[in-house]
Q: 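I have a structure I would like to understand better, so I am pasting it below and will then ask my questions one at a time.
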Amino acid sequence: MDFRLTDEEEAFQAAVRKFGDKVLRTHERQLDAEGRIPDEVLSEMAHLGLLAMPVPAEYGGMGASAVLTEIAAEEIGRGDFSMATAVFFLLEAGWGHILAAHGTEEAKREVLPAVCAGKAFLGIATTEPTGGSDLANMRTTSRKANGGFVLRGEKAFVSGVEEAKRLGGGHLTLSKAEEGGFRFAYVPTRSPGITTQKFDNMGRMGISTGALTYADAAVPAKYLVGADGKGFEVAMEGFSVARTFVSAACIGAAERALETGMAYIRERTAFGQPLGKFEGIQFELVDLWTQVEAVKWQCRRAAWLLDTYTLRGDESHRSEVNRAVAAVKLTAPQISFECVKRVMMWFGAAGYTKDVGLELGFRGIMSYLVGAEGGLNIMRIILGRELLGREFLPYK
Ligand SMILES: Cc1cc2nc3c(=O)[nH]c(=O)nc-3n(C[C@H](O)[C@H](O)[C@H](O)COP(=O)(O)OP(=O)(O)OC[C@H]3O[C@@H](n4cnc5c(N)ncnc54)[C@H](O)[C@@H]3O)c2cc1C
């Protein structure tokens with residue numbers, strides 16, 4: 001077993017870190033204040049191949065492995081502490097992969113090159129006003145009509161609603177098919193019969209969150225993703241991929257928080273010596289660093305499992321993949337949030353100011369604790385199911 005990155009992976013990581021340091025750090029306040037990622041940042045991401053990285057080259061992507069995408073997600077989470085750019089990045093990477101793997105040729109040729117060029121947005125719409133965890137009981141329906149189908153219902157808390165309206169693009173949307181099973185399809189946001197609403201979030205302000213309402217919105221058959229009626233399984237594959245990149249972004253943010261904290265506790269003195277000399281702080285740092293290091297390798301392994309099995313369409317290690325992804329998505333946001341919170345406290349009153357900037361991460365990472373890409377308890381339910389068996393699911 002070799003834990004080293006290849007020369008190409010190392011060079012790519014260095015390039016993305018440089019982009020994070022030079023471009024993302026200088027824009028994070030602006031994108032938080034203005035509520036959008038500046039166009040020049042998106043163009044630079046497209047130039048570096050960072051948009052929808054796993055999409056094959058023939059559709060405009062770089063055909064990156066999950067491991068390479070995970071490495072990039074970590075750097076982007078470290079660069080834009082608010083998480084907004086990381087969300088944009090990981091949605092396009094995760095759901096771009098799903099469209100490339102399960103979409104029709106026509107849809108792939110139409111949608112993916114624009115997404116990879118930063119000229120269209122691609123996201124996911126599963127959550128509804130009545131809930132996001134219990135997807136099997138969703139209320140949005142679709143029925144076959146005029147060679148395609150029509151959608152009726154409402155999605156809520158969907159990331160990128162405004163971006164898809166502004167740039168073009170849309171969301172892979174899960175609905176209950178009236179003919180049976182679940183239907184998963186790319187739905188362009190600018191389609192007739194679709195209205196949107198923007199929500200007022202507390203963090204990751206550079207990417208919008210909102211609602212999509214479908215009043216018998218017509219969707220052509222070419223936008224179907226995966227076999228008709230089998231959409232649930234395809235959506236779950238996408239969640240495994242996206243959750244791994246979410247976790248990586250949280251790890252990058254945790255590392256930045258610790259680096260910020262370490263620089264401070266070396267310099268700041270109290271009672272005649274640097275804060276870092278006091279065990280009450282030094283040991284806290286060591287405990288946090290150890291946990292971040294553990295979850296970082298857990299995340300890398302989850303990405304490796306995706307490359308080795310899931311992204312090759314190999315279902316033979318499904319339970320192992322489910323466990324690895326749920327475990328890292330359960331752990332990474334929590335430890336990341338804890339790092340930010342603790343470092344804010346090392347800074348004392350200054351940690352509570354916008355000047356120090358830790359509050360950007362505090363507000364952004366919190367989104368993953370309340371539910372984005374699946375709540376913590378849903379990760380626990382997945383792990384319980386995989387460890388004990390389906391008969392131990394806490395619901396019927
Ligand atoms: C910033 C942000 C961006 C988001 N972006 C998207 C997006 O792009 N697309 C999209 O479709 N959705 C998106 N979501 C929604 C997200 O997927 C949901 O928040 C999540 O699935 C949980 O659904 P819910 O919020 O309706 O909570 P609920 O399902 O109502 O659950 C409420 C709480 O109860 C817990 N819970 C639920 N069931 C159980 C149980 N059986 N046992 C124990 N605890 C349980 C949950 O973990 C949660 O903490 C986003 C959310 C946020 C905050």
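Whatever order the structure lists ligands and atoms in, that order sets their numbers, starting from 1. Both backbone and side-chain heavy atoms feed into the values below; hydrogens, waters and symmetry mates do not.
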Q: With respect to E359, which candidate in K341, K354, R29 satisfies the salt bridge (charged side-chain N to carboxylate O under 4.0 Å, His left out) definition?
A: R29
Q: Who else is in the cluster with W297 when I, L, V, M, F, W and Y are joined by side-chain contacts under 4.5 Å?
A: M1, F3
Q: Going by the side-chain contact (heavy atoms from CB on, under 4.5 Å) test, name the single residue among M138, E233, K230 that passes it with F182.
A: M138
Q: With distance as the sole criterion, is a donor-acceptor pair present between the side chains of T310 and E237 under 3.5 Å?
A: no
Q: List ligand 1's nitrogen or oxygen atoms that come under 3.5 Å of a protein nitrogen or oxygen, with the partner atom and distance.
A:
residue	atom	partner	partner atom	Å
ligand 1	5 (N)	F157	O	2.9
ligand 1	5 (N)	S159	OG	2.8
ligand 1	8 (O)	I124	O	3.4
ligand 1	8 (O)	S159	N	2.8
ligand 1	8 (O)	S159	OG	3.4
ligand 1	9 (N)	I124	O	2.7
ligand 1	11 (O)	T126	N	2.8
ligand 1	11 (O)	T126	OG1	3.0
ligand 1	11 (O)	T127	N	2.9
ligand 1	11 (O)	T127	OG1	3.1
ligand 1	12 (N)	T127	OG1	2.6
ligand 1	14 (N)	F157	O	3.0
ligand 1	17 (O)	T127	OG1	3.1
ligand 1	23 (O)	G132	N	3.2
ligand 1	26 (O)	G132	N	2.8
ligand 1	29 (O)	G132	N	3.4
ligand 1	29 (O)	S133	N	3.0
ligand 1	29 (O)	S133	OG	2.6
ligand 1	44 (N)	N377	ND2	3.0

Q: Do K165 and T196 pass the side chain to side chain donor-acceptor pair (under 3.5 Å) test, and can you show the C-alpha distance, the side-chain angles, and the key distance before you say yes or no?
A: CA-CA 9 Å; K165 259 173 39 185; T196 65; 2.9 Å; yes
Q: Is the ring pair H171/F121 parallel, tilted or perpendicular, if the boundaries are 30 and 60 degrees?
A: tilted
